[in-house]
2 protein chains.
Amino acid sequence: MTLDARKKNVLMAIVQDYIATAEPVGSRTIARKYKLGVSSATIRNEMADLEEMGYIEQPHTSAGRVPSDQGYRYYVDHLMKREEFNSKEAKLVLNGYLTKKREVGHVLRNAGQLLSQITNYTGVVMTSGLGGGRFKHIQLVHMGGRQSMVIMVTDAGAVHHQIIDIPESIQAVDLETISSVLNHKLQGKTIENIRLTLIQEIYFELAKQKHILDMAMDVIQEGLSLETGEKIYLGSIFNILNQPEFHNIEKVKVLLSLLENEHELANIMTDVFQEEGVTVRIGEEMEDGRLKDYSLVMGTYHMEGKPVGRIGLLGPTRMDYSRAFAVVEYMTDNISLVIERLMRWRGK
Amino acid sequence: MTLDARKKNVLMAIVQDYIATAEPVGSRTIARKYKLGVSSATIRNEMADLEEMGYIEQPHTSAGRVPSDQGYRYYVDHLMKREEFNSKEAKLVLNGYLTKKREVGHVLRNAGQLLSQITNYTGVVMTSGLGGGRFKHIQLVHMGGRQSMVIMVTDAGAVHHQIIDIPESIQAVDLETISSVLNHKLQGKTIENIRLTLIQEIYFELAKQKHILDMAMDVIQEGLSLETGEKIYLGSIFNILNQPEFHNIEKVKVLLSLLENEHELANIMTDVFQEEGVTVRIGEEMEDGRLKDYSLVMGTYHMEGKPVGRIGLLGPTRMDYSRAFAVVEYMTDNISLVIERLMRWRGK
DNA sequence: TGTTAGCACTCAATATAGGAGAGTGCTAAC
DNA sequence: GTTAGCACTCTCCTATATTGAGTGCTAACA
């Protein structure tokens with residue numbers, strides 16, 4: 001299914017013009033604006049061919065042509081020029097978030113916002129790899145009365161805490177003992193590393209506090225497990241409403257119903273987690289039918305070479321892929337950098 | 001500016017009908033549906049009076065009447081029957097959130113969602129009082145390399161943490177020392193309670209670690225200060241789009257531009273923090289011009305008798321005030337209860 | 001054989017006009 | 001003070017042209 005040079009040019013012209021104007025583009029427009037050296041009649045013939053091959057479609061008989069999902073796909077894979085995005089401001093902003101509050105969550109949340117602002121699409125930032133770290137520290141703090149707070153830190157810098165009930169009889173000293181035993185035994189362990197025998201050992205040593213131990217272990221387990229810490233930060237939804245396709249409310253509703261459900265969104269984004277570099281899912285390539293008019297450009301950011309999360313740009317299928325790719329690439333690189341800097345305690 | 005009984009009835013009929021139908025209501029409709037014992041002509045006269053007094057207005061000459069902000073205000077203050085909201089499911093849901101993950105933030109986030117779901121308006125939950133607690137515990141955890149994590153817990157159960165740089169020379173023991181000195185000296189202190197002399201004492205005792213101390217004190221200061229922990233949880237925005245007034249996108253945009261800015265939203269809600277019970281701001285009563293077509297029904301939730309946050313329902317001015325009041329009242333009561341239960345360690 | 005000019009045809013979008021209907025304000029009678 | 005009646009206003013809906021962009025097809029041309 002290969003296209004000759006002129007068909008490529010025509011398709012490229014259609015995609016680019018439609019991206020720029022959001023209007024179906026006709027043969028005359030192409031002949032005038034994009035000097036292909038042929039008349040509109042010839043272009044009409046080419047367009048008829050392209051339509052038959054499924055790259056473009058007609059909203060109705062007397063309208064121009066609009067790229068189909070397949071057309072966009074061909075454009076992205078074969079025709080699009082990869083541009084570079086480089087913005088000093090964006091870099092400053094990102095680093096600003098870093099220095100103001102040295103927390104990953106804060107950086108990611110604002111990265112999502114930034115994505116939305118600079119593109120007018122909706123930025124999505126997902127973190128999935130911050131769970132699954134190694135045990136670093138646990139602390140049971142007596143809150144008075146019959147409650148205590150369990151605080152656990154992983155070496156990835158994630159903090160998990162939970163309030164638990166404790167028997168009246170427990171003293172601060174007992175909590176201290178539990179903390180120190182756990183700290184000693186579990187130091188540096190990952191979730192897979194914690195052997196059953198080790199747990200038995202701990203339970204044996206702290207036999208009297210089985211009840212508290214149960215709850216503390218729950219917190220540890222959850223804190224170290226891979227799924228924990230999966231979190232989605234949405235950029236501004238406002239910006240995408242500036243796109244002309246959002247003139248009717250139903251589309252907005254559909255989009256919101258999806259965006260407000262973190263879980264579904266995460267599913268869609270993890271769908272292609274394994275792929276490297278910037279990738280895109282166009283319209284019906286995504287399983288969720290609600291997204292048939294949208295495209296999602298995604299990239300993966302890393303920490304010490306390992307993928308720890310993804311960012312995405314959600315826009316109409318008629319989005320500026322060239323720019324979107326550049327921005328996503330730029331942002332993944334910079335988020336990786338910033339996180340790396342934030343967490344550079346190991347090694348060095 | 002008092003109204004006679006019949007005018008009250010007419011106004012009430014107009015407000016209720018408009019709330020129910022979202023259509024301007026005419027004299028005939030009132031005469032037919034609300035048996036006031038007079039003809040439509042008489043009602044027309046009354047309506048003319050009400051319009052002159054500013055309680056109702058006409059979208060255009062040959063349309064029915066619509067309540068003005070002032071009309072809604074009169075309705076809410078003098079005419080509205082206060083109903084009760086009582087939903088076993090809502091209570092179950094709320095308690096469910098509590099038992100699954102015993103954290104205030106989790107409860108509040110879901111309370112916001114719940115508000116949106118049961119009313120089809122947008123629920124807003126604000127917490128402002130969870131900062132400003134008493135110092136409970138601090139822990140400096142060595143993360144390896146040149147970084148350490150400061151974790152502070154307040155007696156209100158809030159956990160604050162931040163990663164700080166430390167000199168290479170510092171040992172885990174040193175961090176332990178700092179932690180224990182701070183824990184000892186600051187136990188139970190509020191932000192106002194920490195005297196300068198006390199700080200000097202601490203700095204004297206830990207003279208060698210001034211640098212780390214500075215950063216730890218920052219965390220403490222921020223954790224205990226009143227503004228910290230001010231946070232907004234938004235319910236679903238999706239639901240409010242079901243209201244007929246949202247047929248045009250511009251309104252949605254305006255709303256989103258406001259909702260996406262936590263800071264502005266917080267300002268609007270704290271505007272009336274001092275008032276007790278359920279209150280409402282109608283349309284132009286709010287300073288922000290963008291809200292001129294909206295009303296915000298608000299209530300305060302408490303912890304140990306002290307106000308610690310607010311919830312709000314944002315809907316069109318044409319909202320069902322009676323129900324909104326009932327729901328807000330119900331939710332504040334139940335959130336207070338749930339939080340109380342979550343934090344019932346002191347006293348008892 | 002590929003390209004182009006020309007032309008009839010299609011169809012959305014826009015404008016125009018004509019009711020229909022809901023509602024009002026006013027007047028006069030009760 | 002209340003009401004019936006009526007002329008008037010204005011939106012909304014529908015039907016009908018009109019316009020214009022764009023196509024597909026055909027026939028002529030290089």
Residue that, paired with A/Leu296, satisfies side chain to side chain contact (heavy atoms under 4.5 Å, CB included) out of A/Thr279, A/Ile268, A/Thr122, A/Thr317: A/Ile268
field: side-chain hydrogen bond (donor to acceptor under 3.5 Å, both in side chains) contacts in which one or both residues fall within residues 78-90 of chain A, not counting sequence neighbours
entry: A/Glu83-A/Ser322
message: What is the separation between atom CG on A/Leu36 and atom P on C/dT3, rounded to the nearest whole Å?
response: 12 Å
- line: Per-nt protein contacts along nucleotides 23-30 of chain C (heavy atom under 4.0 Å; B base, S backbone sugar-phosphate only, - none) come out as SBB-----
field: Short side-chain N/O contact from B/Ser39 to OP1 or OP2 of D/dT2, under 4.0 Å
entry: no
task: Would you kindly give the CD-to-P distance between A/Glu46 and C/dT4, to the nearest whole Å?
output: 11 Å
statement: Stems of at least 3 consecutive Watson-Crick or G-U wobble pairs (donor-acceptor distances under 3.5 Å) involving DNA chain C, listed by first number, are C:1-30 with D:1-30
Pairs meeting criterion salt bridge (charged side-chain N to carboxylate O under 4.0 Å, His left out) with involvement of residues 17-29 of chain A, two or more places apart: A/Asp17-A/Lys33
message: The criterion is ring-ring contact (aromatic ring centres under 6.0 Å, His included); which residues satisfy it with B/Tyr72, sequence neighbours excluded?
response: B/Tyr321
- prompt: Is there a donor-acceptor contact under 3.5 Å linking the side chains of B/Asn45 and B/Thr42?
  reply: no
- request: Decide whether B/Arg281 and B/Ser295 meet the rule of one side-chain donor and one side-chain acceptor closer than 3.5 Å.
  value: no
Nucleotide C/dA22, atom C1' - distance to NE2 of B/His60 in whole Å: 9 Å
task: Rounded to the nearest angstrom, tell me the gap between atom CD1 in B/Ile43 and atom C1' in C/dA22.
output: 16 Å
message: Under a 3.5 Å distance rule, please check whether A/Tyr121 uses its side chain to pair with a backbone N or O of A/Pro316 as donor and acceptor.
response: no
message: Nearest whole Å is fine: how far is D/dA21 P from A/Asp17 CG?
response: 15 Å
- prompt: B/Lys7 NZ to D/dG1 C1': how many Å, rounded?
  reply: 12 Å
field: Sequence neighbours excluded, every pair satisfying side-chain hydrogen bond (donor to acceptor under 3.5 Å, both in side chains) that has a member inside residues 58-68 of chain A
entry: A/Glu51-A/Arg65
